[in-house]
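In this text, all values refer to a predicted model and were calculated from it rather than measured experimentally. The chains referred to below are lettered A, B, ... by the order of the sequence lines, with proteins before strands, and numbering in each begins at 1.
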Number of protein chains: 2
Amino acid sequence: MKFSAPKRTIELRQTNRQAILRLLMLGGPMSRLELGQKTGLSMGTITNVTGPLLEAGILRETGTEESEGGRPRSILGINPLYGYLIGVDVGENHIQLELFNLSLEKLGTVRRRLHSQENLPEVYITEIASGLDELCAATGVLQEKILGMGIGVPGVVEHDGQVNVAAPMWAWNSIGFLAMIERQISLPVYIDNGAKAMALAEFWFGAGRGAQDVVVALIGTGIGAGVITKGELYRGATNSAGEWGHTKIVLDGRPCRCGSQGCIEAYAGAPGILASLHELNGTAMVDGEQFNQITKLVEDCRNGDEDSRQALQRTARYLGAGIANLANLFNPERVVLGGWVGLMIGETIMPNLKEYVRQYALPPSSARLEIMLCQFGQDAICTGAACLVIEEFLSANQKFSRRVAG
Amino acid sequence: MKFSAPKRTIELRQTNRQAILRLLMLGGPMSRLELGQKTGLSMGTITNVTGPLLEAGILRETGTEESEGGRPRSILGINPLYGYLIGVDVGENHIQLELFNLSLEKLGTVRRRLHSQENLPEVYITEIASGLDELCAATGVLQEKILGMGIGVPGVVEHDGQVNVAAPMWAWNSIGFLAMIERQISLPVYIDNGAKAMALAEFWFGAGRGAQDVVVALIGTGIGAGVITKGELYRGATNSAGEWGHTKIVLDGRPCRCGSQGCIEAYAGAPGILASLHELNGTAMVDGEQFNQITKLVEDCRNGDEDSRQALQRTARYLGAGIANLANLFNPERVVLGGWVGLMIGETIMPNLKEYVRQYALPPSSARLEIMLCQFGQDAICTGAACLVIEEFLSANQKFSRRVAG
DNA sequence: AAACCTTATTTTAAGATATAAAATAATCAA
DNA sequence: TTGATTATTTTATATCTTAAAATAAGGTTT
């Protein structure tokens, strides 16, 4: 999406082509007339831009629409069959691949559990490669038709000359993951932090739709955030912006697995929530499936268990403070709560959460702030990863044969 | 600076004119050749763009430069006499006005103390209006030659339909300050938060120069921040982004004057620092001149007083945690420390501060992070306020007579 | 001093783009 | 079939940028 301001006439065409493609991608099929109104471009320009895109097969006419009495409007839309996208969600103990068409319809899924022993990059890469083959075989989509693969990883993806991945819990320390995977897979690969990918998905097609400034909070075992400003992902200097999980909300507070203390992750991540519960009921922490434990916690709360209720209320308070900090600093118009923990506890804690955010954030930042749950569930990161490919597709300046009039 | 991507050919010229003016404003006078190299534009375009600007008197030729053997290069620069700028710093108990020429050279200053009783907007507006007259009289600059007045205020300036100012300590609650002052002063007025103004000054002409992603931390009685990304001020949805002062670093910690608890302002603002000192030496807080008390604290520390040393060390730790949070979330390449407290304690705490930031921030965000002191002292906010006017001046699409060749 | 060399800047000519207005296309209704 | 109406394309024109040619402004050589 990066695109320096056009200076030459030829760059105008690229800008306008992007605007039109983006509009059709996000706003669905529409007539040339509507494209003209929404982009502010003249009808002649719409014709000139869409013509070559139709010829190239990127757009297609999907039908017609009643006009106000005269010639009916023909409807243009992205051609879903022009190409396909792969989105990969690399999690702490699973990987998931999904295949989408250009309309971002999901055509297939492969999900595999991995164990924390297998945290070598090579293992992930092998699994991704074989998952890709499986996905193509199952759906009959040829690899040549795939425009690219996006990968969301649970770590910091540094853009710093080359692309490095830092994932402390795997002891990945600035690993050239992108370079490694490009040796195995003959597809354009784009890689980014999972929260950023998810933010993209929610912003384009989910709960963030229509807004321009959105923060997507990812609450799982770990915690992260993706920030969208002026309709674009906020990356910062080296793409490590939005690392909310290890910001301190209680200096000298609970120890965090990062080695520091008082991080929001230590309070509102899955282990943190369970820690709050065990503080309350006096029992010892149990190892094992966080997923089941959190599920049980929410269920117990619904059934009226006081300790569970309080554990969730505390979580709402910690999260409220953390989100208030985000609201003060980023001033979004909307905060979207996601991640598997977010999905699980979201509905239950939402009233409390909103109240705490109002209490902790400054009025100008919280007055109009909407807080809502994410719309993509398990697929959020895969979908977002596919969006990384779409971004590239939209901003790529493919060569188009010039339309010859007459 | 807001400028939607050019769509029509005529907008190309505006974009390129802006690029050239900005380059000359920030990078100083240079030859047409250099302008062409730095903007990537052809020499013909440089001629076409600069011609009308020279005719209009916005640019001027300031001399020549040795070429590499042939015709010498003539040097173009902003004409400082084309117009003047007023920057106003509205503080908690003073106002300061400065007059600049277009090269941002300071031509005059007026500073007045106000008392907290006089916190009605009308009082400020009257003082600003009379200060403006005084400044013009003292320097002999005609009001017609003033391009505009920028004002930095210690509160949230909401852009939400109209421009409102919220300054809790004055019980200003979304006051239409801009509309009020425009009735008194016949000059274009631009108003923004003081920290944002200061960030602009440091970014353009001070310690942030050359960087693209900078956070400027303003430490005074209160605390604020201005965030620059991709070379532009980060404003968020309603211009209240960067409200760092009341983000929580110690949930349930010290009470803050905002009514909440644990805000960084309660630890690292002037009263917070003094509170740390009194916690240490067991004496009671004294009302009165914070400025003198902080001065004494720093002096005592230099003279080896242990309580003072520890108070500053604690301050460095709180500030370090707060800046680490900013680094994790915004991932700037540089953090600039300013404000009167920042200036006063900055040098002393810097080594400690850097260490704490490294300790609390994630390595990808802190590894390349530079922390430095601001370069504008007392004048930072006035200078930044004047920059608000420059931004408007640069992006305004003045009509220029078309250059007629031959 | 005139001729020549070199580099900077301006002018010219060509190519690309956008828009407004005119022309054409596609539908419905009489 | 003819009109009426609205959508889309084509045409004509105005801008803009650039590359290349021309000119300007110095120094150096003869």
Find the distance [X]:[atom1] to [N]:[atom2] and express it as a whole number of Å.
{"X": "M30(A)", "N": "dT8(D)", "atom1": "CE", "atom2": "P", "answer": "13 Å"}
{"X": "L12(A)", "N": "dT19(C)", "atom1": "CG", "atom2": "C1'", "answer": "12 Å"}
{"X": "E34(A)", "N": "dT6(D)", "atom1": "CD", "atom2": "C1'", "answer": "16 Å"}
{"X": "M43(A)", "N": "dA26(C)", "atom1": "CE", "atom2": "P", "answer": "15 Å"}
{"X": "R32(A)", "N": "dA25(C)", "atom1": "CZ", "atom2": "P", "answer": "15 Å"}
{"X": "K7(B)", "N": "dA16(C)", "atom1": "NZ", "atom2": "P", "answer": "24 Å"}
{"X": "L41(B)", "N": "dT15(D)", "atom1": "CG", "atom2": "C1'", "answer": "15 Å"}
{"X": "L59(B)", "N": "dT9(C)", "atom1": "CG", "atom2": "P", "answer": "14 Å"}

Does [N] have OP1 or OP2 under 4.0 Å away from a side-chain N or O of [X]?
{"X": "S42(A)", "N": "dA18(C)", "answer": "no"}
{"X": "S74(B)", "N": "dT9(C)", "answer": "yes"}
{"X": "N48(A)", "N": "dA18(C)", "answer": "no"}
{"X": "R8(A)", "N": "dT18(D)", "answer": "yes"}
{"X": "R73(A)", "N": "dT8(D)", "answer": "no"}

Discussion item. Can you tell whether the side chains of R22(B) and E391(B) come within less than 4.0 Å, N to carboxylate O?
Written reply: yes
Worksheet item: Can a salt bridge be assigned to the pair E34(B) and K38(B) using a cut-off of 4.0 Å between side-chain N and carboxylate O?
Response: yes
Among [options], the one nearest [X] by side-chain distance:
{"X": "T45(B)", "options": "dT17(C), dT9(C), dT18(D)", "result": "dT18(D)"}
{"X": "R71(B)", "options": "dT17(C), dC16(D), dT7(C)", "result": "dT7(C)"}
{"X": "R13(B)", "options": "dA7(D), dC16(D), dT10(C)", "result": "dC16(D)"}
{"X": "N16(B)", "options": "dT9(C), dA18(C), dT17(D)", "result": "dT17(D)"}
{"X": "T9(B)", "options": "dT19(C), dT17(C), dT9(D)", "result": "dT17(C)"}
{"X": "P72(B)", "options": "dA25(D), dA8(C), dT17(C)", "result": "dA25(D)"}

Worksheet item: When all nucleic acid strands are considered with a 4.0 Å heavy-atom cut-off, which category describes T64(B): base, sugar-phosphate, or nothing?
Response: nothing
Worksheet item: On DNA chain C, nearest-nucleotide positions of T50(B) versus G40(A): which is more 5'?
Response: T50(B)
Discussion item. If you assign each of I46(B) and I10(A) to its closest nucleotide in DNA chain C, which residue comes earlier from the 5' end?
Written reply: I46(B)
Worksheet item: Are more than 12 heavy atoms from other residues, nucleotides or ligands located less than 6.0 Å from atom CZ of R368(B)?
Response: no
Practice prompt. Would you please say whether a donor-acceptor pair under 3.5 Å links the side chains of D192(B) and N239(B)?
Written response: yes
Item to complete: Could you pick out which residue, E61(A) or E66(B), lies toward the 5' side of DNA chain D when each is mapped onto its nearest nucleotide?
Response: E61(A)
Worksheet item: Taking all atoms of both residues into account, what is the closest heavy-atom pair of L104(A) and A386(A), and its distance?
Response: CD1-CB, 4.3 Å
Worksheet entry | Audit row: K230(B), E232(A), salt bridge (charged side-chain N to carboxylate O under 4.0 Å, His left out) steps and yes/no | CA-CA 12 Å; K230(B) 294 185 193 169; E232(A) 273 185 46; 3.2 Å; yes
